[in-house]
Amino acid sequence: MNNNEKSKNVLRDALLNTKCFSIIAGPCAIEDKIQLDELAARLKEMDIHILRGGAYKMRTSPYSYRGLGEVGLSIHKEIGEKYNMLTVSECIDINKVEMMSEIIDVLLIGTRNMQNYPLLEALGKVSNPVILKRGMCSTYQEWLFAAQYIIESGNPNVVLCERGIRTFENHTRNTLDLSAIPSIQFLSDLPIIIDPSHSTGSRKYIKSMTWAAVAAGANGVMIETHIDPDKSICDADQSVSIEELETIIKPIPQLRNIICH
Ligand code: PEP
Ligand code: MN
């Protein structure tokens, strides 16, 4: 095993460890190589080693940008290798699970596919960690059963991600259910991370929700970050800049110490 593989294993183990805290950052969608390269270099300087980026986007409107597909995956792989970062990307298709498992380190299941049981079973046949987002209208029980589809099919490496649920409130894009953190910790042994980006839909709320998630004992956060957020093709309103990200993550170690998680 070379040094790159060793440090990726450390990151992977930390992501799956309920005593650890992982920070995942990167664009909603991969747009081009130069941009991802610049972003990854800056994230590394900030000691962030997990790079998200969508290549296949599940868009509500068929007219929205749907990602670069395989080209996006190969950009992601190249940049991940260059900076020795763990890569995270969404898998939306049962026929792409095997291919993606060889290119991308961590597979993401988006909210719209939480109950796509054949896809979940296919993820059970690979060993990559799977970040399973909560369905926007799903209960904890339904979410945990979805996780069991992956685990029972042979892959125990599941991380749950609360990304906000549908409520009557429409000021925020969704409603971040912070109660999911202690509840899931009571109901299961799986790590739980928070996505403050898709839950709030607004960059001005990412900081407070991240800190609240840390205080509530989350095992990580996934934050949409862009080199030039206003120009982000996808989810611009909720994407933060590198500078904003820095102020968001800086107090996390101290906060965790106070709370003693
Ligand atoms: C994402 O994280 O890229 C995404 C599409 O999120 P969600 O499935 O939570 O909407
Ligand atoms: Mn997004």
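When a ligand or atom number is given, it counts from 1 through the structure's own listing order. Note that the structure is a prediction, hence the values are computed from the model and not measured.
- Side-chain N/O atoms of Glu98 and Ser101 include no donor and acceptor closer than 3.5 Å.
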Enumerate, atom names and distances included, each donor-acceptor pair closer than 3.5 Å involving a side-chain atom of residues 217-225, sequence neighbours excluded.
from	atom 1	to	atom 2	distance (Å)
Asn219	OD1	Ile192	N	2.9
Asn219	ND2	Thr18	O	2.8
Asn219	ND2	Cys20	O	3.4
Glu224	OE1	Gln238	NE2	2.7
Glu224	OE2	His198	NE2	3.0
Thr225	OG1	Ile223	O	3.0

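- In terms of protein heavy-atom proximity, atom 5 (C) of ligand 1 is nearest to Glu90 OE1, 3.6 Å.
- Closest approach of Leu39 and His226 over heavy atoms only: CD1-C, 4.1 Å.
- A donor atom on one side chain and an acceptor atom on the other are not found under 3.5 Å apart for Asn174 and Ser199.
- The ring pair (Phe, Tyr, Trp, His ring centres under 6.0 Å) test applied to Tyr205 returns His171, not counting sequence neighbours.
- Below 4.0 Å from some heavy atom of Gly110 lie the following atoms of ligand 1, by number and element: 8 (O).
- Shown are the protein N/O/S atoms under 2.8 Å from the Mn ion (ligand 2), given by residue and atom: Cys28 SG, His198 NE2, Glu224 OE2, Asp235 OD2.
- The Arg163 neighbourhood of ligand 1 comprises atoms 7 (P), 9 (O), 10 (O), with distances under 4.0 Å to a heavy atom of that residue.
- By the 4.0 Å N-to-carboxylate-O rule, Asp235 lies too far from Lys57 to be salt-bridged with it.
- Ligand 1 lies within reach of Arg52, whose nearest heavy atom is under 4.0 Å from it.
- Residues Met85 and Leu43 meet the side-chain proximity criterion, which asks for heavy atoms closer than 4.5 Å.
- Put simply, no part of Met58 is less than 4.0 Å from ligand 1, judged by heavy atoms.
- Atom 7 (P) of ligand 1 has its closest protein heavy atom at Lys133 NZ, 3.5 Å.
- For the residue pair Asp237 / Ser202, no side-chain donor-acceptor distance below 3.5 Å is found, with atom types taken as modelled.
- The ligand atoms of ligand 1 that sit less than 4.0 angstrom from a heavy atom of Arg112 are 10 (O).
- For atom 4 (C) of ligand 1, the closest heavy atom belonging to the protein is His198 NE2, 3.5 Å.
- Residue pairs that meet the ring pair (Phe, Tyr, Trp, His ring centres under 6.0 Å) test with at least one member in residues 13-44, sequence neighbours left out, do not exist here.
- Among protein heavy atoms, the minimum distance from atom 8 (O) of ligand 1 is reached at Thr111 N, 2.9 Å.
- A salt bridge is defined here as a Lys NZ or Arg NE, NH1 or NH2 lying under 4.0 Å from an Asp or Glu carboxylate O, and Arg12 with Asp105 fails to meet this definition.
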